[in-house]
Amino acid sequence: IKSAAAELSVHLHAAEKSGSIALFMHPFTSSKDLHAIGALCKGLQSGGQSVARFDFTGLGQSTGSFSSTNLDDIAAVIAHLEADGYRIDTLIGLSLGGLAALFAANRFASVRNVVLLNTPSRPTHLLHHFGDSLEQLEARGAAEAIIAGRPSLFKKQFLDDLRRHDIAGAIASCEARVLIAHAKEDATVPYENGLKLYEQLRESTQAELLPLEKSDQTSRMNPLKIY
């Protein structure tokens with residue numbers, strides 16, 4: 001699928017007699033082929049729900065540079081699926097893919113459900129993956145960083161955009177139902193992030209918090225809980 005900056009790799013799990021489809025957004029440090037994502041998608045498919053997963057620009061099997069990725073990737077995939085006759089009613093995201101889902105939900109009228117899996121409460125969570133490159137990016141205006149095993153050249157504009165994302169605005173304007181599933185033992189994205197998102201979201205929309213006891217339970221949770 002073509003987006004503004006790349007060719008996006010998409011995997012469709014089509015269920016029979018399913019006119020609606022869920023779209024899965026992977027973490028920004030992996031790809032759509034992460035085991036937990038594949039397990040959940042196959043579980044949804046076997047339960048009668050179609051689901052698509054894709055690689056963001058510059059990650060996995062998609063072309064381009066990750067520094068160019070944005071919500072246009074999601075829009076391109078949704079447009080393609082709609083052209084094929086699907087109605088996108090659910091956005092699912094793991095880690096920072098969850099924030100991408102939350103930001104995108106307000107852009108598409110058909111989206112009625114959002115599922116956040118071990119999702120950080122702020123976009124700048126990504127910055128700890130930059131390491132020493134962050135200081136260089138701040139000082140020189142550009143730096144190369146390794147994201148998901150691939151080098152990308154980032155400009156300071158990317159950093160400024162990341163910090164400018166209005167998470168409070170996205171939460172306040174969210175009209176979709178939101179399920180927040182978060183592992184209590186997650187060392188990468190501590191459970192407090194899920195609690196914070198839940199406390200903020202329940203003030204503006206129907207939100208549910210699903211605590212997971214094990215850090216790997218995301219891949220083993222009942223996928224139909226999403227619905």
Side-chain angles (χ1 to χ4, degrees), residues 3 19-28 32 36-37 40-41 44 49-54 56-57 69-82 86-127 160-184 186 188-212 218 221-227:
S3 71
S20 66
I21 191 167
L23 184 60
F24 207 122
M25 272 68 77
H26 64 77
F28 288 173
K32 70 180 186 309
I37 295 176
L40 272 173
C41 289
L44 285 167
Q49 175 62 46
S50 294
V51 58
R53 47 187 165 122
F54 73 98
F56 282 101
T57 295
T69 196
N70 53 44
L71 296 183
D72 290 340
D73 285 356
I74 300 173
V77 176
I78 287 179
H80 184 88
L81 293 171
E82 288 179 335
Y86 287 103
R87 182 184 73 259
I88 293 80
D89 65 355
T90 300
L91 300 180
I92 310 170
L94 177 58
S95 191
L96 279 163
L99 285 186
L102 189 60
F103 280 116
N106 295 329
R107 294 179 54 173
F108 304 99
S110 64
V111 174
R112 292 290 179 263
N113 309 292
V114 177
V115 182
L116 309 179
L117 305 174
N118 292 353
T119 295
S121 58
R122 63 188 193 283
T124 50
H125 176 81
L126 178 66
L127 296 182
D160 293 340
D161 288 345
L162 199 64
R163 288 170 170 164
R164 193 162 43 236
H165 274 307
D166 183 12
I167 183 65
I171 288 173
S173 59
C174 182
E175 297 181 355
R177 296 181 303 169
V178 183
L179 171 65
I180 303 153
H182 210 111
K184 291 183 176 180
D186 191 330
T188 304
V189 184
Y191 182 67
E192 288 72 19
N193 285 263
L195 281 174
K196 184 175 181 179
L197 285 170
Y198 170 66
E199 291 168 357
Q200 294 174 321
L201 281 162
R202 68 177 179 174
E203 295 181 4
S204 58
T205 191
Q206 183 179 342
E208 179 183 353
L209 177 64
L210 177 63
L212 304 176
T218 300
M221 66 179 284
N222 179 2
L224 298 184
K225 175 65 178 177
I226 293 171
Y227 288 88

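Counting heavy atoms from C-beta on, the side chains of V189 and T119 never come closer than 4.5 Å. Between T205 and V114 there is no side-chain heavy-atom pair separated by less than 4.5 Å. Counting heavy atoms from C-beta on, the side chains of N113 and L179 never come closer than 4.5 Å.
Shown here are the side-chain contact (heavy atoms from CB on, under 4.5 Å) partners of S204, two or more places apart in sequence or in another chain: I171. By the ring-ring contact (aromatic ring centres under 6.0 Å, His included) test, F54 pairs with F56, sequence neighbours left out. R87 meets the side-chain contact (heavy atoms from CB on, under 4.5 Å) test with S20, D89, S110; sequence neighbours excluded.
One finds the CZ atom of R53 at 14.0 Å from the CE atom of M25 (value rounded to the nearest 0.5 Å). The CD1 atom of I88 sits 4.5 Å away from atom CD of E82, with the distance rounded to the nearest 0.5 Å. Here the straight-line distance linking atom CG of L23 with atom SG of C41 works out to 9.0 Å at 0.5 Å rounding. Here the CG-CD1 distance, from L197 to I180, works out to 5.5 Å after rounding to the nearest 0.5 Å. Here the straight-line distance linking atom CZ of R177 with atom CG of L201 works out to 14.0 Å at 0.5 Å rounding.
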Using atom types as modelled, flag every donor-acceptor pair under 3.5 Å from a side chain in residues 94-108 to any protein atom, sequence neighbours excluded.
residue, atom, partner, partner atom, Å
N106, ND2, A170, O, 3.4
N106, ND2, S173, OG, 2.8

Would you list the atom pairs, donor with acceptor, under 3.5 Å between side chains in residues 71-79 and any protein atom, with sequence neighbours excluded?
residue, atom, partner, partner atom, Å
D73, OD1, S3, OG, 3.4
D73, OD1, T57, OG1, 2.9
D73, OD2, T57, N, 2.9
D73, OD2, T57, OG1, 3.0
D73, OD2, T69, OG1, 2.7

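Taking both residues in full, the closest heavy atoms of K184 and P211 are given as CE-CB, 3.6 Å, listed atom of the first, atom of the second, then distance.
Sequence neighbours left out, the pairs with a member in residues 190-199 that pass side chain to side chain donor-acceptor pair (under 3.5 Å) are S121-N193.
When the shell of 6.0 Å around CD of Q206 is examined, it contains 12 or fewer heavy atoms from other residues, nucleotides or ligands.
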